[in-house]
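Here the structure comes first, spelled out in structure tokens, and everything after it is commentary.
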Amino acid sequence: MLAGVLLLGILGIPVASIDLGHLDPGNDPAQTTSRRAYDLMTDGFGPGSNGPLTVVVALDQKQTSTFGDRQVLAGSVRDVIADTGNVASVGPAVTSPDNALFTVSVTPNTGPQDDATAELAHTLQDTVLPRTVESDGAQAYVTGTTAGQIAFTDIVVKRLPLIIAVVVAAAFLLLLLVFRSVVIAICATVLNMLSIAAAYGVVVASAAAFEPVP
């Protein structure tokens, strides 16, 4: 039994390097049209072209009531984004017909699944944009498909420990009620966790071993 436990522990080691994220056409088989289009976009316009970020700025109608005020704020937003690291290009500001907001498209230097892209989205949302628009009473948001996937991944990473803890605690209580033995419940729970870690460890190790070389 000890050998089995050690084996499960060894197989579970790669779990420590698991990288939670999202999928995009870059994960599709090379012969699919979606992957070919993805690769062509990367070759022609850079990896960030497959995962642009959209910045939406909701304007304060009182503080930016004139066309000139809106143009100045839009120019400031575009300038600070362009000066932020890992930004390949910044599109023109597009104002809504009712002048309530404007949008700016941001193309990163890195692909949608790259950690640097997620870091850029966080930097823009948490630091760069609030500091730029707060004096004008505006609100800025980073949105779009890539930003949404990054936000979802952040939520999963944040709540995953709690989910695991609840599942393990529920399993422990159930085993305790069934067998009326703390030792059995603890041993079964530990083995259950080791089995899950080993399963995911094999998946992580296999993914790393067969990851295609660029």
Side-chain angles (χ1 to χ4, degrees), residues 19-28 32-159 212 214:
D19 185 15
L20 298 177
H22 57 273
L23 298 177
D24 58 37
N27 300 105
D28 294 345
T32 60
T33 55
S34 58
R35 175 61 183 276
R36 291 175 183 174
Y38 184 95
D39 292 339
L40 287 172
M41 288 283 290
T42 298
D43 294 339
F45 303 100
S49 62
N50 285 297
L53 304 172
T54 301
V55 172
V56 178
V57 179
L59 301 172
D60 185 324
Q61 298 290 351
K62 295 181 179 179
Q63 297 193 46
T64 53
S65 58
T66 67
F67 175 79
D69 292 336
R70 293 189 291 272
Q71 289 295 101
V72 170
L73 179 58
S76 298
V77 170
R78 294 184 71 250
D79 289 342
V80 296
I81 294 175
D83 291 337
T84 305
N86 195 37
V87 173
S89 64
V90 182
V94 179
T95 306
S96 62
D98 60 357
N99 296 320
L101 57 87
F102 65 81
T103 64
V104 176
S105 180
V106 182
T107 303
N109 284 312
T110 49
Q113 298 186 52
D114 199 294
D115 291 339
T117 301
E119 183 178 351
L120 171 61
H122 292 146
T123 300
L124 292 176
Q125 182 67 75
D126 300 335
T127 307
V128 174
L129 293 174
R131 185 176 56 201
T132 305
V133 305
E134 63 183 357
S135 61
D136 292 285
Q139 295 289 329
Y141 310 92
V142 179
T143 185
T145 301
T146 301
Q149 291 171 332
I150 292 171
F152 179 76
T153 300
D154 291 342
I155 293 174
V156 171
V157 171
K158 182 179 179 180
R159 297 183 180 178

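Here the structure is a predicted model, which means the values were calculated and not measured. Just so it is clear, the values below take in all heavy atoms, side chains as well, and ignore hydrogens, waters and symmetry mates.
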Flag side-chain contact, heavy atom, 4.5 Å: [X] against [Y]:
| X | Y | answer |
| --- | --- | --- |
| T145 | Q149 | yes |
| T32 | R36 | no |
| L101 | V57 | no |
| L59 | L73 | yes |

What closest approach, in Å, do [X] and [Y] show between heavy atoms, and which atom pair accounts for it?
| X | Y | answer |
| --- | --- | --- |
| A88 | P108 | CB-O, 3.6 Å |
| V142 | A121 | CG2-O, 4.2 Å |
| V87 | I81 | CG2-O, 3.4 Å |

Run the side chain to side chain contact (heavy atoms under 4.5 Å, CB included) test against [X] and tell me which residues pass, sequence neighbours left out.
| X | answer |
| --- | --- |
| T95 | N99, F102 |
| D98 | S96, A100 |
| D24 | N27, Y38, P112, Q113 |
| V157 | L20, T153 |

Excluding sequence neighbours, so at least two apart, what forms side-chain hydrogen bond (donor to acceptor under 3.5 Å, both in side chains) with [X]?
| X | value |
| --- | --- |
| T117 | T110 |
| T84 | none |
| D28 | S34 |
| T66 | D69 |

With D39, which residues qualify under salt bridge (Lys or Arg N to Asp or Glu O under 4.0 Å), at least two apart?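 D39 satisfies salt bridge (Lys or Arg N to Asp or Glu O under 4.0 Å) with R35 once adjacent residues are dropped.
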
Report the distance from atom [atom1] of [X] to atom [atom2] of [Y], rounding to the nearest 0.5 Å.
| X | Y | atom1 | atom2 | result |
| --- | --- | --- | --- | --- |
| L124 | E119 | CG | CD | 10.5 Å |
| T103 | Y141 | OG1 | OH | 14.5 Å |
| L120 | N109 | CG | CG | 9.0 Å |

Report yes or no: does [X] contribute a side-chain atom to a donor-acceptor pair with the main-chain N or O of [Y] at less than 3.5 Å?
| X | Y | answer |
| --- | --- | --- |
| Q125 | A140 | yes |
| Q139 | A58 | no |
| R78 | V104 | no |

side-chain hydrogen bond (donor to acceptor under 3.5 Å, both in side chains) pairs, two or more places apart, involving residues 47-61: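 Checked against side-chain hydrogen bond (donor to acceptor under 3.5 Å, both in side chains) - neighbours excluded - the pairs reaching residues 47-61 are T42-N50.
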
Give the table of side-chain donor-acceptor pairs shorter than 3.5 Å for residues 126-134, with sequence neighbours excluded, one pair per line with atom names and distance.
from	atom 1	to	atom 2	distance (Å)
T132	OG1	V128	O	2.7

